[in-house]
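Shown next, in structure tokens, is the structure this report addresses.
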Protein chains: 2
Amino acid sequence: MSCITTIKERGFKLTPQRRLILDIIHESDTHVTAEEVVSLVQAKMPGVNKSTIYRTLELLDEIGCVVKGESHGRSIYHHAEEGHHHHMECRACGNTVDCSEDLFASVEKALHKKYGFRAEFKHTVIKGLCSQCRIRM
Amino acid sequence: MSCITTIKERGFKLTPQRRLILDIIHESDTHVTAEEVVSLVQAKMPGVNKSTIYRTLELLDEIGCVVKGESHGRSIYHHAEEGHHHHMECRACGNTVDCSEDLFASVEKALHKKYGFRAEFKHTVIKGLCSQCRIRM
DNA sequence: TTTCATGCAAATGATTTGCATAGTC
DNA sequence: GACTATGCAAATCATTTGCATGAAA
């Protein structure tokens, strides 16, 4: 079901601001910080307020239209397509590489079996050292 | 090697504040937020300043004496013992359950093989639904 | 026309910073 | 005694909130 349908079905109003914010997140192939969304939105539609964007992002996360995560103390978002989106972030050079595999299936299974916990690894920022920085160190 | 030795060896000074902060993190069997460290430290040694604590926590993380993580936009810390410390946090009730297993060994292996990336899963907050909340939902 | 969303401006709250003083080595 | 760490107070900076106005259903 499309996000637009979800918004309507849940009784929320479909405003141009919300459409644009959705578009921006869907266009981006990797995660974006809330602040990046603010800049991107304001580039296309000047005058849209930060508060609106923060509120919309929170709403979209709540109704499952986007996936929220956090990195370096900031909120990050990406679209909630089926599948997985993980990011490997090098603690030395700061570069990130995306990874769309279902990396955590076995972990999810183990946690469910042992603790009955249903882990949700939809959007994980994995910290570590990239191959280049490993060599340099 | 003990943290106290590490501090000295790296040329940092061993102050009562630093000792106390180290103690507090080592006494805690789960992670603590920076703010919790502030309260705990000030309970035992009133007058110690927030800045000192934040600076010390950052230092301790840098020299590997504690492990820093983040949850809900705040910094969390625990001692850097050998082994693993993960936390399952329920997004419904907010409860967390600790898990000291080496959950991510297979993921680490896979990422290294495919991307040469050395993932560091020392202290992960795993979000999801606990068994109780799964039933309620 | 009712209700929800937006814009604005100000508040929040964790974390950081500059600087003078105090404490370690 | 040299140099670092601390305390203090103020600054930061992302995010949130209250409220009056504007737009969607």
Side-chain angles (χ1 to χ4, degrees), chain A residues 2-25 31-63 65-66 68-77 125, chain B residues 2-25 31-63 65-66 68-77 125:
Chain A
S2 89
C3 293
I4 293 190
T5 316
T6 308
I7 290 175
K8 288 185 188 165
E9 274 192 351
R10 300 258 193 135
F12 298 109
K13 291 176 182 168
L14 191 57
T15 62
Q17 291 92 331
R18 288 183 174 167
R19 277 181 191 277
L20 177 55
I21 292 166
L22 262 175
D23 281 353
I24 293 215
I25 294 193
H31 57 206
V32 281
T33 63
E35 290 197 293
E36 283 165 348
V37 178
V38 172
S39 312
L40 292 166
V41 166
Q42 290 179 341
K44 290 205 178 182
M45 196 188 277
V48 178
N49 197 268
K50 281 182 180 186
S51 321
T52 304
I53 297 168
Y54 276 96
R55 281 188 281 232
T56 300
L57 289 171
E58 199 182 317
L59 174 73
L60 295 176
D61 177 50
E62 276 171 25
I63 64 179
C65 286
V66 306
K68 183 179 185 174
E70 64 178 320
S71 175
H72 299 289
R74 295 146 208 236
S75 304
I76 56 177
Y77 294 88
V125 177
Chain B
S2 90
C3 293
I4 293 190
T5 317
T6 307
I7 290 175
K8 287 184 189 166
E9 274 192 353
R10 300 257 193 137
F12 299 110
K13 290 175 183 168
L14 192 57
T15 63
Q17 292 92 330
R18 288 183 175 168
R19 276 182 191 278
L20 178 55
I21 291 165
L22 262 175
D23 281 354
I24 293 215
I25 294 192
H31 57 204
V32 281
T33 63
E35 289 197 293
E36 283 165 347
V37 177
V38 171
S39 312
L40 292 166
V41 166
Q42 290 179 341
K44 291 206 177 180
M45 196 191 276
V48 178
N49 197 267
K50 282 182 179 185
S51 322
T52 304
I53 296 168
Y54 276 95
R55 280 187 280 231
T56 300
L57 290 171
E58 198 184 318
L59 174 73
L60 295 176
D61 176 50
E62 276 171 23
I63 65 179
C65 287
V66 305
K68 182 179 187 174
E70 64 177 318
S71 175
H72 298 289
R74 295 147 208 235
S75 304
I76 56 178
Y77 295 88
V125 178

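Lettering follows sequence order; numbering is per chain, from 1. Below, each value reflects all heavy atoms present in this structure, side chains not excepted, and no hydrogens, waters or symmetry copies.
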Test item: [X] and [Y] side chains (from C-beta on) under 4.5 Å apart, heavy atoms:
X       : Y        : answer
B/Leu60 : B/Ile7   : yes
A/Leu59 : A/Arg18  : yes
B/His31 : B/Val125 : yes
A/Val66 : A/Ile21  : no
A/Leu14 : A/Lys8   : yes
A/Leu57 : A/Val37  : yes

Between [atom2] of [N] and [atom1] of [X], the distance in whole Å:
X       : N      : atom1 : atom2 : value
A/Phe12 : D/dA23 : CZ    : C1'   : 17 Å
B/Glu9  : D/dT4  : CD    : P     : 18 Å
B/Glu70 : C/dA14 : CD    : C1'   : 13 Å
A/Gln42 : C/dT6  : CD    : C1'   : 13 Å
A/Arg10 : C/dC4  : CZ    : C1'   : 17 Å
A/Tyr77 : D/dA14 : OH    : P     : 14 Å
A/Leu57 : D/dA14 : CG    : P     : 15 Å
B/Ile4  : C/dT24 : CD1   : P     : 14 Å

Closest heavy-atom contact between A/Lys50 and A/Gln42?
-> N-NE2, 4.3 Å

Grab the two heavy atoms, one from A/Tyr77 and one from A/Lys68, that are nearest each other, plus how far apart they are.
-> OH-CE, 3.4 Å

Indicate whether OP1 or OP2 belonging to [N] is found under 4.0 Å from a side-chain N or O atom of [X].
X       : N      : result
A/Gln17 : D/dA23 : no
A/Arg18 : C/dT6  : yes
B/Tyr54 : C/dT15 : yes
A/Thr15 : C/dT6  : yes

Report yes if a donor N or O on one partner sits less than 3.5 Å from an acceptor N or O on the other, where the partners are the side chain of [X] and the base of [N]; otherwise report no.
X       : N      : value
A/Ser51 : C/dA5  : no
B/Lys13 : D/dC3  : yes
B/Arg74 : C/dG13 : no

Mind checking B/Arg55 for me? I need base, sugar-phosphate or nothing, with any heavy atom below 4.0 Å counting as a touch.
-> base

Under 4.0 Å between any heavy atoms, over every strand shown, what does B/Thr33 touch: base, sugar-phosphate, or nothing? Just pick one.
-> nothing

DNA chain C nearest-nucleotide lookup for A/Gly47 and B/Lys50: closer to the 5′ end is A/Gly47

Mapping A/Asn49 and B/Ala34 onto DNA chain C by nearest heavy atom, which one lands closer to the 5' end?
-> A/Asn49

Residue A/Glu35, side-chain heavy atoms: nucleotide from C/dT6, D/dA14, D/dA5 that is nearest | D/dA14

Rounded to 10 degrees, the angle between the two terminal axes of the helix from C/dT1-D/dA25 to C/dC25-D/dG1, each from five pairs | 40°

